[in-house]
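Heads up: the structure comes next, in structure tokens.
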Amino acid sequence: MVIAIIALGTLLSWYRVLDQSLIGEGYYYLFHGLNYGSLTGTLSGMLHSYEAGAKLLYDIFRTVFRDNIFLYQFFLLASVSVINILFYLFVFVLTEAWLVAFIASILFSVNFVGFEMFAIGNYQFFAQRTLAFLFLFPSVSLFILYLRKNQFVYYVMSVFLYFLAFFLFHFTLFFLPYFLCVIAMFLKPKWNVQTILRGMLIGLPFVLISLVILRFGNDPVSRDVTVMSFLRDFGGQIPSVMMKHFSILTVPETVLSYVIHIWKVPHGEAAVRLFYPVAGLYAAALLFLYRTNKKLFPVAMWSLVFLGPTFFVGLFTRWDMTANLGSGSRYLYVPTVAFAVYWGVVLATVGKKYLGLFGLVLVMGTWSVMQFSSLSKTFAVEEEKHIAMKISMQYVKELSTRLESDAIVIVPSPMGYYGGYFAQLFYGKEHTSFVPFFADWANELPRPFDPEKDVILDYDRVNQKVVDKTADYQAIIAARTNNSR
């Protein structure tokens with residue numbers, strides 16, 4: 001029953017991705033997959049690439065799903081559903097309390113934070129990051145079982161799954177601190193030299209796996225920037241940025257938007273101002289847990305501690321992307337794990353002592369309604385570009401059956417470069433050229449434009465249809481080249 005509700009919550013949150021298309025770099029890895037020249041070469045390429053899992057996934061899709069984007073999106077929705085169920089099992093293993101796990105799962109799965117990861121058409125965000133949790137949640141669950149039962153087989157399986165996650169998805173680095181926090185949860189109350197050394201020893205393989213793979217990788221963490229130089233350049237800004245992240249993670253987008261409207265301030269400034277009442281709420285909740293639920297107090301406390309290092313990792317690896325992130329950012333997806341665990345513990349404890357079943361249902365229902373509202377509004381905003389992409393791609397697909405082998409097709413603007421590559425991959429003939437309408441393509445045509453067999457297309461956003469502009473080719477080409485053809 002609980003798992004069915006979690007799956008239903010996921011479906012209600014994200015079912016509209018099934019009507020979406022891929023946008024821009026969402027097509028990228030279809031043309032930049034793994035090198036399968038040899039097994040050794042492939043493994044070496046995967047070790048050196050933070051994109052290995054995404055490339056492998058797209059290579060499979062290109063062969064199995066081909067141009068059926070609905071199947072790509074169905075896989076996304078199914079994967080997110082499985083990950084949310086695995087999250088429930090992870091929290092249940094961690095807390096041994098089904099109510100905590102259930103509440104945490106609702107907070108995690110019905111959450112606007114996932115929007116940029118799942119629902120803007122940039123499928124590569126999902127492929128690079130989200131799928132890591134198919135390995136990470138089982139890995140951390142097995143790690144907890146090892147710490148609780150001291151059965152070494154759990155530890156070996158946990159380390160192996162973590163290795164697979166990091167090998168395929170370097171995004172795993174963002175979750176590494178939680179393994180270390182789990183160790184701290186289970187050390188208490190036996191803090192002494194022996195237990196601390198044991199904790200360091202059992203955590204060492206996770207750290208070494210991360211460092212070794214990053215050492216050979218080509219991702220942003222491997223660039224020539226040290227922690228010291230990063231702190232020197234950005235140290236003064238880090239506290240306020242982390243305060244902003246903390247507020248955006250916690251405060252529902254509907255509430256934050258209302259506060260921005262009332263205060264008449266930018267999104268980032270409102271988030272920073274909200275930090276102090278939000279931090280006070282966390283502190284009060286933590287004090288409440290210390291007095292009423294000492295068993296799960298360490299789980300909540302160390303989940304809260306985890307936010308610091310995972311925020312810092314995000315800033316260090318991609319300051320340009322994270323310093324001014326907004327609600328729904330993909331860089332808040334991992335911190336949402338700790339957020340959900342923390343408030344799962346708090347709300348379950350408050351519910352048992354004061355709210356009762358009706359109160360809990362009211363609180364979780366209010367949360368869900370606010371998240372559904374934010375998701376619905378943003379899906380509506382995104383809808384137009386997905387409609388434009390699908391109409392444009394379908395038109396080009398139908399047109400391709402009538403093209404000559406060396407035809408030049410200037411594709412509608414919504415398709416862009418990567419949509420043109422997609423059309424070439426699945427609909428083009430040997431020498432067909434697909435070029436986006438908005439590009440300065442006139443000087444780069446493989447031969448003079450021939451209106452008898454070549455086509456210029458654009459998209460009419462008002463009437464939502466593709467327009468054939470081939471008849472105007474001379475004027476269009478003249479406007480895009482120094483020498484009219």
Next on the checklist: Does the plane of the ring in F143 sit parallel, tilted or perpendicular to the ring in F206? Use 30° and 60° as the thresholds.
Outcome noted: perpendicular
Checklist entry - Mind checking whether F90 and F137 have parallel, tilted or perpendicular rings, split at 30° and 60°? => result parallel
Checklist entry - Under the side-chain hydrogen bond (donor to acceptor under 3.5 Å, both in side chains) rule, what pairs show up with a residue in residues 268-278, not counting sequence neighbours? => result E269-R273
Next on the checklist: Please determine whether ring-ring contact (aromatic ring centres under 6.0 Å, His included) holds for the pair F115 and F379, giving the CA-CA distance in whole Å, both sets of side-chain angles, and the decisive distance to 0.1 Å.
Outcome noted: CA-CA 9 Å; F115 200 90; F379 268 114; 5.0 Å; yes
Next on the checklist: Within 45 degrees of the ring normal and closer than 6.0 Å to the centroid, is that where the cationic atom of R330 sits relative to F126?
Outcome noted: no
Next on the checklist: Side chains of Y29 and Q128 only: does a donor on one sit below 3.5 Å from an acceptor on the other?
Outcome noted: yes
Checklist entry - Can T349 and N293 be counted as having a side-chain donor-acceptor contact under 3.5 angstrom? => result yes
Next on the checklist: Any heavy-atom pair between the side chains of V153 and Y146 that's under 4.5 Å?
Outcome noted: no
Checklist entry - Step by step, would you call L168 with F135 a side-chain contact (heavy atoms from CB on, under 4.5 Å)? => result CA-CA 10 Å; L168 294 170; F135 302 95; 4.1 Å; yes
Next on the checklist: If only side-chain N and O atoms count, and only distance matters, is there a donor-acceptor pair under 3.5 Å linking S141 with Y154?
Outcome noted: no
Checklist outcome for this item: Result for ring-ring contact (aromatic ring centres under 6.0 Å, His included) between F171 and one of F169, F167, F174 points to F174
Item to check | Which residues share a side-chain hydrogen bond (donor to acceptor under 3.5 Å, both in side chains) with T366, sequence neighbours left out | outcome: none
Checklist entry - Is any NZ, NE, NH1 or NH2 atom of the basic residue among D19 and R16 found under 4.0 Å from an Asp or Glu carboxylate oxygen of the other? => result no
